[in-house]
Amino acid sequence: MTAPVVSILLASLDRAELARTVAELRRTTAGVAAEIVVCTPFEPPAEGVVWVRDEAPRGSPAAFNLAFAAARGEYVSLVPDSKTYEPGWLDKCLAYLRAHRSDAPLAAW
């Protein structure tokens, strides 16, 4: 299987907010080869995401580190479940990163 261009990492303790955010990320990143990697103590209420079980939640930084270990993308984006996303946000980020990229294998925004 081909690796995704972007791994979108999402940590959450709120099932409803997680479901809303995953749906919004799918809607606003259509056309980009992206995977959504979710780190939660509960099984995500959305299908088609990479689930990293957080057995003992210790905050967002720890959860993002767990999700990062499962990420396969060339780029990694850490996103909160408390924001909204507009169509094209990821395309714009990728265009900027590609235009300004050094030899770094990873960028986060």
Side-chain angles (χ1 to χ4, degrees):
M1 176 169 22
T2 304
V5 173
V6 180
S7 294
I8 302 171
L9 309 186
L10 183 57
S12 184
L13 295 175
D14 185 316
R15 289 177 195 268
E17 224 14 57
L18 176 64
R20 182 203 62 79
T21 303
V22 168
E24 190 163 298
L25 289 172
R26 287 186 175 140
R27 180 182 61 80
T28 62
T29 61
V32 178
E35 68 178 353
I36 300 173
V37 182
V38 174
C39 185
T40 64
F42 52 84
E43 189 168 355
E47 304 235 353
V49 299
V50 177
W51 178 35
V52 177
R53 175 175 270 170
D54 193 349
E55 297 285 344
R58 297 178 316 269
S60 294
F64 280 124
N65 282 335
L66 290 171
F68 181 79
R72 299 176 306 124
E74 178 183 356
Y75 297 97
V76 174
S77 175
L78 304 136
V79 300
D81 67 356
S82 59
K83 303 292 181 205
T84 58
Y85 300 90
E86 295 294 323
W89 72 269
L90 188 54
D91 294 310
K92 291 175 186 172
C93 290
L94 285 172
Y96 177 86
L97 289 171
R98 288 175 174 148
H100 297 88
R101 185 176 181 185
S102 65
D103 291 332
L106 166 70
W109 57 87

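These numbers come from a predicted model, not from an experiment.
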Considering non-hydrogen atoms only, spot the tightest contact between [X] and [Y] and give its length.
{"X": "Ala70", "Y": "Val50", "value": "CB-CG1, 4.5 Å"}
{"X": "Leu90", "Y": "Ala34", "value": "CD2-CB, 4.3 Å"}
{"X": "Ala67", "Y": "Cys39", "value": "CB-CB, 4.2 Å"}
{"X": "Pro87", "Y": "Thr28", "value": "N-CG2, 3.6 Å"}
{"X": "Gly73", "Y": "Ser7", "value": "N-OG, 2.7 Å"}
{"X": "Val32", "Y": "Leu94", "value": "CG1-CD1, 3.8 Å"}

Under a 4.5 Å side-chain heavy-atom rule over Ile, Leu, Val, Met, Phe, Trp and Tyr, are [X] and [Y] clustered together?
{"X": "Val79", "Y": "Val5", "result": "yes"}
{"X": "Phe68", "Y": "Trp51", "result": "no"}
{"X": "Leu13", "Y": "Leu9", "result": "no"}

### Task
Report the C-alpha distance between Arg26 and Ile36 in whole Å, list the side-chain angles of each, state the deciding distance to 0.1 Å, and finish with yes or no for side-chain contact (heavy atoms from CB on, under 4.5 Å).
CA-CA 9 Å; Arg26 287 186 175 140; Ile36 300 173; 4.1 Å; yes
#### Entry: Pairing residues for Glu24 by the side chain to side chain donor-acceptor pair (under 3.5 Å) criterion, not counting sequence neighbours
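In terms of side chain to side chain donor-acceptor pair (under 3.5 Å), with neighbours along the sequence ignored, Glu24 is linked to Arg20.
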### Task
Find out whether Leu25 and Leu10 are in side-chain contact, i.e. whether some heavy atom of one side chain is under 4.5 Å from a heavy atom of the other.
yes
### Message
If you define the side chain from C-beta out and look only at heavy atoms, does anything of Ser12 sit under 4.5 Å from Val38?
### Response
no
### Query
Rounded to the nearest 0.5 Å, how far does CG of Asp14 lie from CZ of Phe42?
7.0 Å
### Message
Nearest 0.5 Å, please: how far is CG in Leu66 from CZ in Arg58?
### Response
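CG of Leu66 is found 6.0 Å from CZ of Arg58.
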